[in-house]
Amino acid sequence: MERLQDLVLKTPDMADLLHELVTLSAAALSVHSRLLCGVTMVRKKKPATVATSHPRVKAMDELQYAYGDGPCLTALRDLDTVYIPTLHEESRWPHYCATAWDEGIRSILSVPLPLEGEASAALNLYAAQTHAFSDEAIHKAEVHAGQASKALRLAVRLAQLAEDRDNLAAALESRTIIDLATGIIMAQNNCNQDTAIKVLRSASNTRNRKLRDVAALLVASVGKDPNVITHFD
C-alpha cells in the first residue's frame, strides 16, 4: 500500500501512474510463474485497456471487446472476481478462450477495481500455465486490487482537482481578456459596458470565433498601436 501511495504522490500523470501500477502488480503477484498484467477501464459504457505490463495483454483484452464478453468484462459487470483455471475447459466464452489458448494463454484471473462515479475498472492477469492461481494467490490478488483501487480513486481525485484548477485559471484569464477588450471598445466608441459587450459579441458571431479569441485579437491590436497610450491611476 505504501508503494502504491508513493506512486500516486510521485507520478502526477495518470497514464504514467497506470503503467507503473500494472508493472508493480505484475511483479508483486508473479510468485510461481510470470504474469502479464493489464487494467481495463470502462467510461461511458465503453471498455478500453488503459495500461499493460506487456503488449500481448492489450491484444487479449481487445479480443474480449470484439466478442463483447469475457472474464474481464464479466468481472467489471458483476463486480466479482472471475478465475479461469484452464481456458481449454472453459465453456462460458468458447470462442474467446480458444483464441487466447492459441496465443499461449492458459489461465486468466480478472479482479474488479471499484472506482467512483460511472467509471469502473478491472485488473487482468494472464498466465502461460494452467491452474496458475491457488486460493492463496487469488486472495492476494484481491487484496492487492483493493489497495490499488484506493490509490486509483485518490489519483482520480487529484487529477480532477488539477483539472478544476486549470479550468479556473483559464476562465479567469478569459474573463480578464474580455474585460480589457470591453474597456477598449467603451473608450473608442464612448459607450457604456452593456453596449461594448454587445459589440464584442456581434464581432464574435460575425467572425464565427470564440468571444475570448476576438477579445484577445482586439487587445493585441491595441497593444501594437504606437499611438495608443495606456496608463493606470
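Quantities reported herein were computed from a predicted structural model and do not represent experimental measurements. Counting begins at 1 with the first residue of the sequence.
- The aromatic rings of His88 and Trp101 are tilted relative to each other, their planes meeting at an angle between 30° and 60°.
- Counting only distance, with no hydrogens or angles, the side chain of Thr99 and the backbone of His95 share a donor-acceptor pair below 3.5 Å.
- Closest of all the heavy-atom pairs between Ser25 and His144 is OG-NE2, 2.7 Å.
- With sequence neighbours excluded, no residue satisfies side chain to side chain donor-acceptor pair (under 3.5 Å) with Arg106.
- Remark: the backbone N or O of Lys198 is not paired with any side-chain donor or acceptor of Ser202 at under 3.5 angstrom.
- The side chain to side chain donor-acceptor pair (under 3.5 Å) search around Thr49 returns Asp61, Tyr65, not counting sequence neighbours.
- Remark: Asn192 CG is packed, more than 12 non-hydrogen atoms of other residues, nucleotides or ligands lying under 6.0 Å away.
- Across every non-hydrogen atom of Val82 and Ala75, the tightest pair is CG2-N, 3.8 Å.
- In terms of hydrophobic clustering, with Ile, Leu, Val, Met, Phe, Trp and Tyr side chains grouped at heavy-atom distances under 4.5 Å, Leu79 and Tyr83 are assigned to different clusters.
- Nearest approach of Ser30 to Leu35, heavy atoms of both residues: OG-N, 2.9 Å.
- Phe133 and Leu113 fall within the same hydrophobic cluster, where Ile, Leu, Val, Met, Phe, Trp and Tyr residues are linked whenever their side-chain heavy atoms come under 4.5 Å apart, directly or through other members.
- Atom NZ of Lys140 and atom CG of Asp135 lie 15.0 Å apart (nearest 0.5 Å).
- Criterion: ILVMFWY side-chain heavy atoms under 4.5 Å apart, direct or through other members. Under it, Tyr96 and Leu73 are not part of a common hydrophobic cluster.
- Of all the heavy atoms in Ala100 and Leu63, the pair that sits closest is N-CD2, 4.3 Å.
- Gln64 places a side-chain N or O within donor-acceptor distance of the main-chain N or O of Cys72, the cut-off being under 3.5 Å.
- Each salt bridge (Lys or Arg N to Asp or Glu O under 4.0 Å) pair with one or both residues in residues 64-79, not counting sequence neighbours, appears once here: Asp69-Arg77.
- Clustering ILVMFWY residues whenever any of their side-chain heavy atoms sit less than 4.5 angstrom apart, transitively, puts Met186 in a cluster other than the one holding Ile178.
- A continuous path of ILVMFWY side-chain contacts below 4.5 Å connects Trp93 to Leu87, so both sit in one hydrophobic cluster.
- Note that CD1 of Ile84 and CD1 of Ile105 are 11.0 Å apart. Values are rounded to the nearest 0.5 Å.
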Inset, instruction - Start with the C-alpha gap between Leu217 and Ser221, add the side-chain angles, then the distance that decides, and say whether side chain to side chain contact (heavy atoms under 4.5 Å, CB included) holds. - result: CA-CA 6 Å; Leu217 286 173; Ser221 66; over 6 Å; no
Inset, instruction - List the steps, then state whether side chain to side chain contact (heavy atoms under 4.5 Å, CB included) holds for Leu76 with Thr40. - result: CA-CA 9 Å; Leu76 282 165; Thr40 293; 3.8 Å; yes
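- Distance alone, capped at 3.5 Å, is enough to place a donor-acceptor pair between the Ser53 side chain and the Cys37 backbone.
- Panel note: side chain Glu90, backbone Arg92; a donor-acceptor pair is recorded below 3.5 Å.
- Separation of atoms CG (Leu29) and CD1 (Ile138) is listed at 11.5 Å; rounding is to 0.5 Å.
- For the pairing with Leu36, the side-chain contact (heavy atoms from CB on, under 4.5 Å) check across Val57, Val22, Thr52 returns one residue only, Val57.
- Ion pair Asp179/Arg175 flagged as a salt bridge, since at least one NZ, NE, NH1 or NH2 atom sits closer than 4.0 Å to an Asp/Glu carboxylate oxygen.
- Summarising the geometry, atom OG belonging to Ser107 is positioned 9.5 Å from atom CG belonging to Leu125; distances are rounded to the nearest 0.5 Å.
- Taking each heavy atom of Ile108 and Pro71 in turn, the nearest pair found is CG2-CG, 4.0 Å.
- For the side-chain hydrogen bond (donor to acceptor under 3.5 Å, both in side chains) criterion with Ser110, the lone passing option out of Asn124, Thr74, Asp80 is Asn124.
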